[in-house]
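Within every chain, numbering begins at 1; the chains are lettered A, B, ... in the order of the sequence lines, protein sequences first and strands thereafter. All values below were derived from every heavy atom in this structure, side-chain atoms included, with hydrogens, water molecules and symmetry-related copies excluded.
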Amino acid sequence: MRAATGEPRPVRAALILGALAWLALVILLPLGAVFVEALRGGWAAYRAAVFEPDALSAIKLTLLVAAIAVPFNTVFGVAAAWTIAKHDFRGKDFLVSLIDLPFSISPVVSGLIYILVFGMQGWFGPWLREHDIEIIFAVPGIVLATVFVTFPFVARELIPLMTAQGRDEEEAALTLGAGGWQTFSRVTLPNIRWGLLYGVLLTNARAMGEFGAVSVVSGHIRGETNTMPLHVEVLYNEYNFVAAFAVASLLAGLALVTLAIKSFLEWRHRDALAAAGH
Amino acid sequence: MTITIDNVAKTFQAHSALNGVSMEVSDGAFVALLGPSGSGKTTLLRIIAGLESADAGHILFGGEDVTDRPVQNRGIGFVFQQYALFRHMTVAQNIAFGLNVMKRSQRPSKAEIRARVEELLALVQLPGLGERYPAQLSGGQRQRIALARALARDPKILLLDEPFGALDAKVRRELRGALREIHDRVGLTSIFVTHDREEAFALADQVAILNGGKIEQYAPPKDIEAAPATDFIREFIS
């Protein structure tokens with residue numbers, strides 16, 4: 001039987017196969033290649049590449065940077081989205097564009113900005129040197145660059161959601177005697193938790209994977225200022241393909257784990273999600 | 001509780017929403033604010049509630065000046081046009097919200113809160129719906145829950161913004177009767193906003209007709225019909 005609004009069977013089959021083939025070519029194949037190449041030298045070579053001291057220090061640095069950038073941008077993103085979506089003030093459009101700025105400029109430029117401001121020849125360079133504060137070619141610079149690049153994810157995710165939800169529920173909470181913090185924690189936050197989770201996961205993925213901006217400010221000091229993506233590049237440039245793909249597979253694995261967590265949470269809370277009408 | 005509105009004015013970005021409005025609502029009265037859209041009726045209601053601040057003038061509850069008192073401390077119940085139920089909470093949690101956010105020293109016990117929720121569900125004639133989520137209710141049921149939630153803390157004043165605006169005619173008539181009955185039984189002083197002349201005249205003891213940010217006439221429905229004060233009113237009620 002043919003559905004009233006469907007396409008003929010051959011057309012449907014062709015469309016589905018075409019979509020699957022494209023998906024396989026641009027997403028599954030490269031992802032698979034990472035893991036295949038990583039294990040080409042066998043399990044022992046994989047372990048050796050991952051547990052080598054420079055690799056371990058790159059993993060630690062990446063996790064440290066994410067552990068600082070993600071909470072910071074989560075708090076900032078929620079505050080910014082709340083200010084923009086629930087209040088009227090002059091210069092709102094300007095603030096929205098400002099939040100988008102890191103998306104619209106190249107990551108390399110984002111990194112260069114920090115060199116120009118904090119680098120040796122930069123505005124604050126001499127002052128920082130006098131006070132023995134290292135920012136560029138050190139961990140603080142990497143954190144700053146990552147925070148800058150991942151700035152918009154949470155806010156961008158939440159602004160449309162919070163705007164669509166309006167202010168009615170917050171006002172209702174106020175008329176029922178709730179204070180500002182109670183209103184935020186009991187009404188605003190629960191209403192945005194899924195959008196927030198998604199924004200946090202995106203922020204985390206980008207924080208761990210950022211290459212361009214971090215590459216400019218890091219200085220590529222092995223075992224000190226190399227994050228995982230930078231370490232992969234260094235290994236690759238040294239023709240150490242097995243090790244490069246082994247570390248890359250770890251990065252890809254972290255991304256897959258976050259995706260799995262998100263799917264699991266959605267599955268566990270499917271009833272609440274359906275009831276809330278998401 | 002009496003409500004005194006004394007020369008209240010409000011301007012939004014160059015255009016004025018209210019130009020010196022004064023009126024007196026006596027204890028136990030059921031008053032309608034009636035007018036075309038843009039007449040300032042919703043703004044006035046929100047100023048009485050404390051959701052909006054007046055640029056000039058005073059609001060008094062029972063003779064006490066509450067102009068600078070924040071909405072949380074005014075002891076009012078407010079029913080929103082689109083109900084504004086908390087979508088992530090069950091009906092029972094919605095109704096209990098006002099009690100659950102009270103300071104620990106004043107908050108009733110869990111058992112008392114549960115009993116109060118049951119009592120309110122019975123009052124709005126929806127017993128047994130406590131475990132549902134707002135998305136699982138019809139429009140009329142949501143409106144009743146919004147009313148129950150607004151009454152949880154025993155307000156003396158109930159404010160309603162277009163309470164029946166989003167409902168069909170049959171449900172609207174049922175709810176009107178229910179609202180009037182609850183108003184009388186609980187002993188509230190109520191003000192509701194509407195643009196529906198028939199609804200205002202059928203339900204309210206006193207009707208204030210607003211136009212262009214001013215009250216054109218404030219009187220019982222019968223008096224307005226018998227003696228319209230201005231040409232605008234004559235046209236508006238015909």
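By the 4.5 Å heavy-atom criterion applied to side chains, A:Leu176 and B:Arg153 are not counted as neighbours.
Residues in residues 68-86 of chain B take part in these side chain to side chain donor-acceptor pair (under 3.5 Å) pairs, two or more places apart or across chains: B:Glu64-B:Arg69.
Across all their heavy atoms, A:Val187 and B:Phe86 have their closest contact at CG2-CE2, 3.6 Å. Heavy-atom minimum distance, A:Glu169 versus B:Ala84: CG-O, 3.9 Å. The two atoms that bring A:Gln182 and B:Val101 nearest to each other are NE2-O, 3.0 Å, heavy atoms only.
Comparing B:Ala49, B:Gly98, B:Ala146 by how many heavy-atom pairs each has under 4.5 Å with chain A, the most go to B:Gly98.
For chain A, the nearby part of B:Leu85 is the backbone; its heavy atoms alone come within less than 4.5 Å. Both the backbone and the side chain of A:Arg186 have a heavy atom closer than 4.5 Å to some heavy atom of chain B.
Environment of NZ in A:Lys60: sparse, with no more than 12 heavy atoms of neighbouring residues, nucleotides or ligands closer than 6.0 Å. Within 6.0 Å of atom OH in A:Tyr198, 12 or fewer heavy atoms from other residues, nucleotides or ligands are found, so the atom counts as exposed in its surroundings. Environment of CZ in A:Phe89: crowded, with over 12 heavy atoms of neighbouring residues, nucleotides or ligands closer than 6.0 Å.
A donor-acceptor contact shorter than 3.5 Å is absent between the side chain of B:Arg87 and the backbone of A:Asn191.
The distance from the CD atom of A:Glu171 to the CZ atom of B:Arg46 is 4.0 Å, given to the nearest 0.5 Å. Expressed to the nearest 0.5 Å, how far CZ of A:Arg167 lies from CG of B:Leu51 amounts to 11.5 Å.
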